[in-house]
Amino acid sequence: MPSTTFAPDEPLISTIDAVAYEARTGLSATPKTLSPWLFYDEAGSHLFEQITELPEYYLTRTERSIFAANASEILSEAALGQGPSGKLTLIELGAGTATKTGILLAEAVRQQGSVVYQPVDVSETALAEASENILSNIPGVTVRSQVTDYTREALPLNRLPDTRTLALYIGSSIGNFMPEDARDVLRNLRAQLLPGDTLLLGTDLAPNGGPVANKTVATLLAAYDDAAGVTAAFNLNVLTRLNRDLGADFVPANFRHRACWNPAESRIEMHLESLIAQRVHIPVNSSGRAFTVDFARGESIHTENSYKFTSAAVDALLASAKFRKMKSWEDPQHLFAVTLATAV
Ligand code: AVJ
């Protein structure tokens with residue numbers, strides 16, 4: 001995804017090129033795939049916001065409750081080792097609209113009087129919404145937002161004298177990446193940090209991964225296949241996006257949303273399954289040439305992975321990027337974990 005500034009309803013050519021590239025490479029592969037970043041056009045971002053409020057989608061509200069219960073401890077642990085005049089600066093990867101971050105920012109202001117907040121995201125509109133929310137609700141926060149693709153580019157870390165950085169990577173965003181890519185994203189972040197800086201990582205827990213075995217595969221499946229069909233609409237919207245951005249002729253009604261649990265990989269997978277044998281035409285590709293995609297009945301496009309972690313898996317991932325766990329917090333039902341780690 002390019003870091004170029006764009007309006008959601010009027011993408012620059014470079015965004016279209018990136019979409020075309022993903023469509024051509026992903027849909028000509030076996031099995032067919034599409035990258036999850038394609039979900040987040042204007043309609044898809046709106047659908048995701050709706051997902052976060054669904055009764056089945058426990059992730060967002062659970063992480064928020066962990067922040068609400070532990071913000072004071074999280075911030076003071078992260079500030080350990082600061083000099084007397086030292087302050088924490090918060091940077092957030094993939095900040096989106098930063099709705100949960102407010103709890104942590106308000107606590108940072110309470111503890112240190114003021115805070116500089118640097119949200120990083122590929123979406124300029126999401127960042128604009130984030131700054132507005134934060135600035136109008138939490139006095140004492142200075143916002144410096146940056147449009148960057150943190151998976152491909154160096155982070156624009158503005159290090160102020162006398163400050164330590166607390167990097168936030170929350171919302172289970174890391175779960176979208178295959179293990180090696182997740183490690184590389186954290187290594188890219190680690191490369192911009194100094195020893196003693198910290199990372200707060202939000203991860204969804206594997207079923208029965210916590211000390212109490214009360215998270216089932218059914219809990220997970222419901223979160224990715226809700227009764228109201230919002231997740232189905234979110235998944236199918238990627239086809240509508242390809243129609244709009246590339247002039248493709250997908251008929252979304254000819255596909256169905258499917259979520260499954262892959263125990264060997266410890267991940268939820270989302271697929272779009274073709275209900276019939278069909279041929280789809282895609283007039284625009286990255287080299288400007290049209291191409292066609294044939295689907296057998298029952299064949300699917302793999303659109304997303306959402307990895308679920310044991311606490312040992314979180315430790316190993318952190319260690320592979322030169323972080324060491326300081327402390328972690330879970331909700332009482334052990335659905336979700338928030339882990340604070342220090343750069344070593
Ligand atoms: C935004 C990647 C954390 O994996 O739970 C929600 C995206 N996909 N429902 C997740 C998503 C289907 C979400 N993340």
Side-chain angles (χ1 to χ4, degrees), residues 1 33-41 43-64 66-67 92-101 119-123 126 130 149-151 168-179 181-182 185-186 200-207 209 215 217-239 241 255-262 265-273 300-309 313-314 317 331 335-339:
M1 180 88 186
T33 59
L34 287 171
S35 288
W37 67 261
L38 292 168
F39 289 138
Y40 301 93
D41 64 357
S45 302
H46 182 70
L47 285 165
F48 179 68
E49 292 294 319
Q50 282 179 249
I51 287 174
T52 65
E53 286 160 19
L54 291 169
E56 296 95 334
Y57 195 78
Y58 59 86
L59 288 79
T60 310
R61 85 175 67 86
T62 303
E63 187 178 47
R64 187 187 298 115
I66 297 171
F67 290 165
E92 180 171 2
L93 279 65
T97 54
T99 42
K100 281 166 298 188
T101 318
V120 176
D121 202 278
V122 286
S123 165
D149 178 359
Y150 61 82
T151 66
L168 307 175
Y169 197 30
I170 61 177
S172 184
S173 306
I174 191 81
N176 262 176
F177 296 99
M178 315 257 263
D181 295 334
V185 167
L186 294 189
L200 191 68
L201 185 69
T203 49
D204 196 18
L205 290 172
K215 183 185 204 176
V217 170
T219 314
L220 275 172
L221 287 173
Y224 291 86
D225 195 5
D226 61 281
V230 182
T231 308
F234 174 74
N235 196 6
L236 287 160
N237 176 63
V238 76
L239 303 179
R241 177 179 196 170
F255 291 83
R256 77 168 183 107
H257 165 68
R258 190 162 61 79
C260 59
W261 169 244
N262 181 332
E265 303 289 342
S266 193
R267 68 191 188 201
I268 287 281
E269 298 179 3
M270 297 213 311
H271 297 263
L272 288 168
E273 185 181 308
S300 71
I301 311 172
H302 184 174
T303 51
E304 185 173 46
N305 290 321
S306 191
Y307 283 85
K308 308 303 169 185
F309 295 83
V314 173
L317 172 62
D331 57 295
L335 297 172
F336 199 93
V338 169
T339 304

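One-based numbering, in listed order, for ligands and for the atoms of each. For this chain, numbers begin at 1 and follow the sequence in order.
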Chemist: Taking the non-hydrogen atoms of G175, is any one of them nearer than 4.0 angstrom to ligand 1?
Modeler: no

Chemist: Look only at the side chain of E56 and the backbone of A227, and say whether a donor-acceptor pair between them is shorter than 3.5 Å.
Modeler: yes

Chemist: Which of the numbered atoms in ligand 1 are under 4.0 angstrom from any heavy atom belonging to N176?
Modeler: 2 (C)

Chemist: Is ligand 1 less than 4.0 angstrom away from at least one heavy atom of Y40?
Modeler: yes

Chemist: With atoms numbered from 1 as shown, which atoms in ligand 1 lie under 4.0 angstrom from a non-hydrogen atom of F48?
Modeler: 1 (C), 6 (C), 7 (C), 13 (C)

Chemist: Ignoring angles and geometry beyond distance, decide whether S172 reaches within less than 3.5 Å of ligand 1 through its nitrogen or oxygen atoms.
Modeler: no

Chemist: If you have a sec, work out which protein heavy atom is nearest atom 14 (N) of ligand 1 and how many Å separate them, to one decimal?
Modeler: Y57 OH, 4.2 Å

Chemist: If you measure every N or O of K308 against every N or O of ligand 1, does any of those distances drop under 3.5 Å?
Modeler: no

Chemist: Does D331 form a salt bridge (charged side-chain N to carboxylate O under 4.0 Å, His left out) with K215? I'd like the steps, not just the answer.
Modeler: CA-CA 12 Å; D331 57 295; K215 183 185 204 176; over 6 Å; no

Chemist: Considering only the protein, which heavy-atom contact is closest to atom 3 (C) of ligand 1, and what is its distance?
Modeler: G171 O, 3.0 Å

Chemist: Less than 3.5 Å apart, any donor N or O on the side chain of T303 or N235 sitting next to an acceptor on the other?
Modeler: yes

Chemist: Does a side-chain heavy-atom distance below 4.5 Å link I170 with T101?
Modeler: yes

Chemist: Which protein heavy atom lies closest to atom 4 (O) of ligand 1, and at what distance to 0.1 Å?
Modeler: S306 OG, 2.7 Å

Chemist: Could you go through T219 and Y58, starting from their C-alpha distance and side-chain angles, then the distance that decides it, and tell me whether this counts as side chain to side chain donor-acceptor pair (under 3.5 Å)?
Modeler: CA-CA 9 Å; T219 314; Y58 59 86; over 6 Å; no

Chemist: How far is atom 7 (C) of ligand 1 from the closest protein heavy atom, and which atom is that?
Modeler: E304 OE2, 3.4 Å

Chemist: Drop me the distance from L335's CG to D204's CG, to the nearest 0.5 angstrom.
Modeler: 7.5 Å

Chemist: Any side-chain to backbone donor/acceptor pair from N262 onto R267? Under 3.5 Å, distance only.
Modeler: no

Chemist: Describe, in one word, how the ring planes of F48 and F234 are oriented to each other, choosing from parallel (under 30°), tilted (30 to 60°) and perpendicular (over 60°).
Modeler: tilted

Chemist: Please determine whether any non-hydrogen atom of F234 lies less than 4.0 Å from an atom of ligand 1.
Modeler: yes

Chemist: Is the contact between F39 and ligand 1 made by the side chain, the backbone, both, or neither, using heavy atoms and a 4.0 Å cut-off?
Modeler: neither

Chemist: Test your reading of the structure: does Y224 have an N or O sitting under 3.5 Å from an N or O of ligand 1?
Modeler: yes

Chemist: Please round to the nearest 0.5 Å and tell me the distance separating atom OG1 of T231 and atom CG of N237.
Modeler: 12.5 Å

